[in-house]
K.L.:
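I am attaching a structure below and will ask some questions about it afterwards.
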2 protein chains.
Amino acid sequence: MAKQTHPTLLDIAKIAKVAPMTVSRVINESGYVSAEVRQRVRRAIDKLEYHPNALARSLKSQRTHVVGILLPDIKNPFSGELAGSIQQVLLERGYSAFLCTTEQSVQREQAGLSAFFDHRVAGIVVATLETKAGDEALERFTRRGMPIVSVGREPGLAVVDRVTANHWRGAFDAVEHLISLGHKRIAYIGASALHARRLRRFQGFCDALHEHGLDVRDEWIAGPAGDSGPGYSTLADGYAGMQRLLDLSRRPTAIFARNDFTAMGALSAARDRGLDIPGDIAIVGFDNVPLSAFTSPPLTTVEQPTAEQGRRAAQMLLERIEGEVEGEHREVSFDCRLIVRASTQTPAEQPE
Amino acid sequence: MAKQTHPTLLDIAKIAKVAPMTVSRVINESGYVSAEVRQRVRRAIDKLEYHPNALARSLKSQRTHVVGILLPDIKNPFSGELAGSIQQVLLERGYSAFLCTTEQSVQREQAGLSAFFDHRVAGIVVATLETKAGDEALERFTRRGMPIVSVGREPGLAVVDRVTANHWRGAFDAVEHLISLGHKRIAYIGASALHARRLRRFQGFCDALHEHGLDVRDEWIAGPAGDSGPGYSTLADGYAGMQRLLDLSRRPTAIFARNDFTAMGALSAARDRGLDIPGDIAIVGFDNVPLSAFTSPPLTTVEQPTAEQGRRAAQMLLERIEGEVEGEHREVSFDCRLIVRASTQTPAEQPE
DNA sequence: TGCATATATGGTAACGCTAACACATCGGCG
DNA sequence: CGCCGATGTGTTAGCGTTACCATATATGCA
């Protein structure tokens, strides 16, 4: 067992020849301490390289300065940027982050949430997809008075405040953009029809088609090969999905991909078949990852303000933690923005 | 102030009509407890949804089950994958992760390390670039008996165990691959000559050229525009660097990029100039990010086993924490692997 | 029957810190 | 001169948990 030993308040007190309480006062700059004693204590602190034990402090004060962040998977660039922006706000206000990624595992989700709870974090930011067990756990936590903010989740129960982007609208706009270019055969890549229903981006896709009198054809909805569930969709999923769509006798002329990586996979598959983008087939992505501006052709996509969402979520959480805000759940929704690049244009003539 | 209230051992003890110590025994499954009492206690625990306070436990037992992870920036896919693989091992062994990303800020690095220390983490995994202040802090921590494992860092001081990949060799192999194809004018994109010196990938690049009697020309070393330091190099850096190289009267015929994103930026810049890859100019990346197989053309690159490094680092750290291993610092180095794809081929004839 | 051992439970103190209170000493002022 | 508030320091207790010791009954065996 690697044993660590650390000096305590008492050690400092002995060296400075004062009571522990006085040392505490120096550290917290609270109460009265004479200049002379303060200096003596400071010197002892420096000498021993003393750092207060946050565990003991938290136990005594019944509050921590730690926030739990629950993310789906860290490879997803959305998660990364979110974590970074949340952390920035936390650090500025003297909080630290306890992080857990679930990687689609309910077990990991439970383990992570338990760890948060056991360590009595001051609050939690959740950015995972809803699960039954997860929602129940969160609900238990809120009953104990733990502030929670969700990011990018459906308006579920159990949650105090909610930050999200209008994915539905973003998808709607993207698909309407394709329609306005003259596309009538528009496919979706990113989740099976079964799982897609839960996704707002997919709903926006469907609603845009309906609004313009176009069909949502089942064969034009391409999920991952093994239908692995509603998790993040990858390059390989996009590639495989596009291949399936291109094998159809009645091909789509445009693709709405669930995210940029899926779009890039689709792009790659089309290119490998010798097709021209956007001449033969148009592609729209979602998320505006940095790379989307550098593909060939650059990808038309929808931007969601990820960092803003993270910052806002952190701020809202801290407001709850510090008791600046109480009462009703709050909801903040950010707009998405269509970014038209070269991967979309009017379709070539096609046989009906 | 959002106040949380949690039941304690004492609450359970009262309900189950036993002493707190007995409850503790039930929870930890230590010592003797009769079946009947155990059941009574269990029922009380379920009724109140009691969860032991990890803070109090840690304070008493003088050990935590929390590991600090210090990362450069989370957007970097290497960091993401590393964090994920470390976490997996930690969770399996009942540990949780305290995470901090430095984003090139010495101040954030210090704040993060202090937070780790104040919370008395059981150990630390560091994957940031060396800084003077950071090394000093780590050295102080080791003096206190805190186990530390570094990943991907130089063999610096202050650190117990070290996990790394042989970046030098990977770069050497990649450049030798270009040379074997007949390239003689090979450029580097990713850091200014000043900062590149510290990078093993750059050293491998230089050494390969020297070994084959080729020059390392200063004008063929392209760093980011503002020379922003040794941090991660981006798509935009690659794009801008390639533009500068293509403006030279004496152009390179091949590019060794510091990482895949830089390579993709370079690829994009070359394409925008109407150049053919690899016909006009060959490009090699580094890291084998998923996307590198899907660019056009797919990118020749060097793979480093990121997840293995993370898992190994976590294992080594846990071995130290649990006292299974003591004494001398250990070093583990993983091999990189050249992955030849379509972005490299024999150069076209060029005027000398 | 007596005594060692296994089984079962409780009491006390301590981990490191700080809120709350107690107790000084000092200057100022009616 | 006595009283008040400001200033400076110490004492006590408790946050929730568990290590350690004490106690009590049950069981086995000579």
Side-chain angles (χ1 to χ4, degrees), chain A residues 1 3-42 44-45 48-66 117-122 144-145, chain B residues 1 3-42 44-45 48-66 117-122 144-145:
Chain A
M1 184 82 60
K3 260 283 165 273
Q4 301 181 33
T5 48
H6 302 273
T8 71
L9 261 189
L10 204 78
D11 298 322
I12 303 297
K14 276 181 198 153
I15 293 187
K17 299 200 196 309
V18 290
M21 193 57 225
T22 304
V23 179
S24 175
R25 276 192 274 256
V26 171
I27 289 163
N28 296 300
E29 295 181 353
S30 66
Y32 296 105
V33 182
S34 69
E36 192 222 349
V37 168
R38 179 161 35 238
Q39 210 191 17
R40 230 162 60 213
V41 170
R42 287 254 165 77
I45 288 175
L48 296 194
E49 287 176 350
Y50 168 78
H51 286 253
N53 184 327
L55 268 41
R57 282 179 149 185
S58 295
L59 181 60
K60 180 73 180 112
S61 66
Q62 294 293 79
R63 67 189 310 263
T64 61
H65 285 86
V66 178
F117 191 80
D118 293 350
H119 287 87
R120 304 293 191 259
V121 296
R144 289 278 169 79
Chain B
M1 184 83 59
K3 261 284 164 273
Q4 302 182 34
T5 49
H6 303 273
T8 71
L9 262 189
L10 204 79
D11 298 321
I12 304 297
K14 275 180 198 153
I15 293 187
K17 298 198 197 309
V18 290
M21 195 54 229
T22 304
V23 180
S24 174
R25 275 192 275 257
V26 172
I27 290 164
N28 297 298
E29 295 181 355
S30 66
Y32 296 106
V33 182
S34 69
E36 192 222 349
V37 167
R38 181 164 30 241
Q39 211 191 18
R40 232 162 59 213
V41 169
R42 286 254 166 77
I45 288 174
L48 296 194
E49 289 177 345
Y50 166 79
H51 285 254
N53 184 326
L55 269 39
R57 281 180 149 185
S58 294
L59 181 61
K60 179 74 181 120
S61 66
Q62 296 292 79
R63 68 188 310 263
T64 61
H65 285 86
V66 178
F117 191 80
D118 293 351
H119 287 89
R120 303 295 190 259
V121 295
R144 289 277 170 79

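Order of the sequence lines fixes the chain letters, A, B, ..., with proteins taken first and strands second; residue numbering starts at 1 for each chain.
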K.L.:
Please report the closest heavy-atom contact between B:F117 and B:R144, naming both atoms and the distance.
P.N.:
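What the structure gives for the nearest pair is CZ-NH1, 3.1 Å.
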K.L.:
Separation of B:I27 atom CD1 from D:dG16 atom P, in whole Å?
P.N.:
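The answer, rounded to whole Å, is 14 Å.
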K.L.:
Would you kindly give the CG-to-C1' distance between B:L10 and D:dG14, to the nearest whole Å?
P.N.:
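Computing the B:L10:CG to D:dG14:C1' distance gives 12 Å.
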K.L.:
Please determine if B:K17 and B:E36 form a salt bridge, counting it only when a charged side-chain N lies under 4.0 Å from a carboxylate O.
P.N.:
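Looking at B:K17 and B:E36, the cut-off is not met.
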K.L.:
Tell me which of A:H6 and A:S30 sits closer to the 5' end of DNA chain C, going by the nucleotide each one is nearest to.
P.N.:
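Checking each residue's closest nucleotide, the 5'-ward one belongs to A:H6.
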K.L.:
On DNA chain D, does the nearest nucleotide to A:A56 precede the nearest nucleotide to A:A19 from the 5' side, or the other way round? Give the residue.
P.N.:
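Residue closer to the 5' terminus by nearest nucleotide: A:A19.
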K.L.:
Take the protein atom OH of B:Y32 and the nucleotide atom C1' of D:dA26, then report the distance between them rounded to whole Å.
P.N.:
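One finds 13 Å between C1' of D:dA26 and OH of B:Y32, rounded.
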K.L.:
Quick check for you: to the nearest 0.5 Å, what is the distance between A:D118 atom CG and B:H65 atom NE2?
P.N.:
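Result: 12.0 Å between the selected atoms.
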K.L.:
In whole angstrom, give the distance that lies between atom CG of B:N53 and atom C1' of D:dC15.
P.N.:
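In whole Å, D:dC15 C1' and B:N53 CG are 9 Å from each other.
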K.L.:
Tell me whether the OP1 or OP2 atom of D:dT9 has a side-chain N or O from A:S34 closer than 4.0 Å.
P.N.:
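For D:dT9, OP1 or OP2 has a side-chain N or O of A:S34 closer than 4.0 Å.
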K.L.:
Is the base of D:dG8 touched by the side chain of A:R38 through a donor-acceptor pair closer than 3.5 angstrom?
P.N.:
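Under the 3.5 Å cut-off, the side chain and the base do not form any donor-acceptor pair.
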K.L.:
Look at all strands and tell whether B:S61 reaches a base, only sugar-phosphate, or nothing, counting heavy atoms closer than 4.0 Å.
P.N.:
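No contact.
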K.L.:
Take the protein atom CD1 of B:I12 and the nucleotide atom C1' of D:dG16, then report the distance between them rounded to whole Å.
P.N.:
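Between C1' of D:dG16 and CD1 of B:I12: 12 Å.
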K.L.:
Take atom CG of B:N28 and atom C1' of D:dT18, then tell me their distance rounded to the nearest Å.
P.N.:
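Spelled out: CG on B:N28 to C1' on D:dT18 is 8 Å.
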K.L.:
Specify the closest pair of heavy atoms between A:I15 and A:A44, including all atoms of both residues, with the distance to one decimal.
P.N.:
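Taking every non-hydrogen atom into account, CG2-CB, 3.8 Å.
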K.L.:
Provide, to the nearest angstrom, the distance between the CD atom belonging to A:E29 and the C1' atom belonging to D:dT7.
P.N.:
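Between C1' of D:dT7 and CD of A:E29: 17 Å.
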K.L.:
Toward the 5' end of DNA chain C, which comes first, B:Q62 or B:K17, by nearest nucleotide?
P.N.:
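It is B:K17 whose nearest nucleotide is closer to the 5' end.
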K.L.:
Keeping B:T64 on the side-chain end and B:R120 on the backbone end, is there a donor-acceptor pair under 3.5 Å?
P.N.:
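Yes, the answer is positive, given that a donor and an acceptor are paired below the 3.5 Å cut-off.
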K.L.:
Report the distance from atom CG of A:N53 to atom NZ of A:K60, rounding to the nearest 0.5 Å.
P.N.:
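It comes to 14.5 Å.
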K.L.:
Tell me: CG of B:L48 to C1' of D:dG16, nearest whole Å?
P.N.:
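My rounded result for the distance is 15 Å.
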K.L.:
Are B:I45 and B:I27 side-chain neighbours, meaning at least one heavy-atom pair lies under 4.5 Å?
P.N.:
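With C-beta onward as the side chain, the pair touches.
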K.L.:
Chain A on DNA chain C: first and last contacting nucleotide, 5' to 3', under 4.0 Å to a heavy atom?
P.N.:
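Both ends considered, the range comes out as C:dG16 to C:dA20.
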K.L.:
With a 4.0 Å cutoff (strictly under), does any side-chain N or O of A:T22 reach OP1 or OP2 of D:dG10?
P.N.:
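Checking A:T22 against D:dG10: at least one side-chain N or O falls below 4.0 Å of OP1 or OP2.
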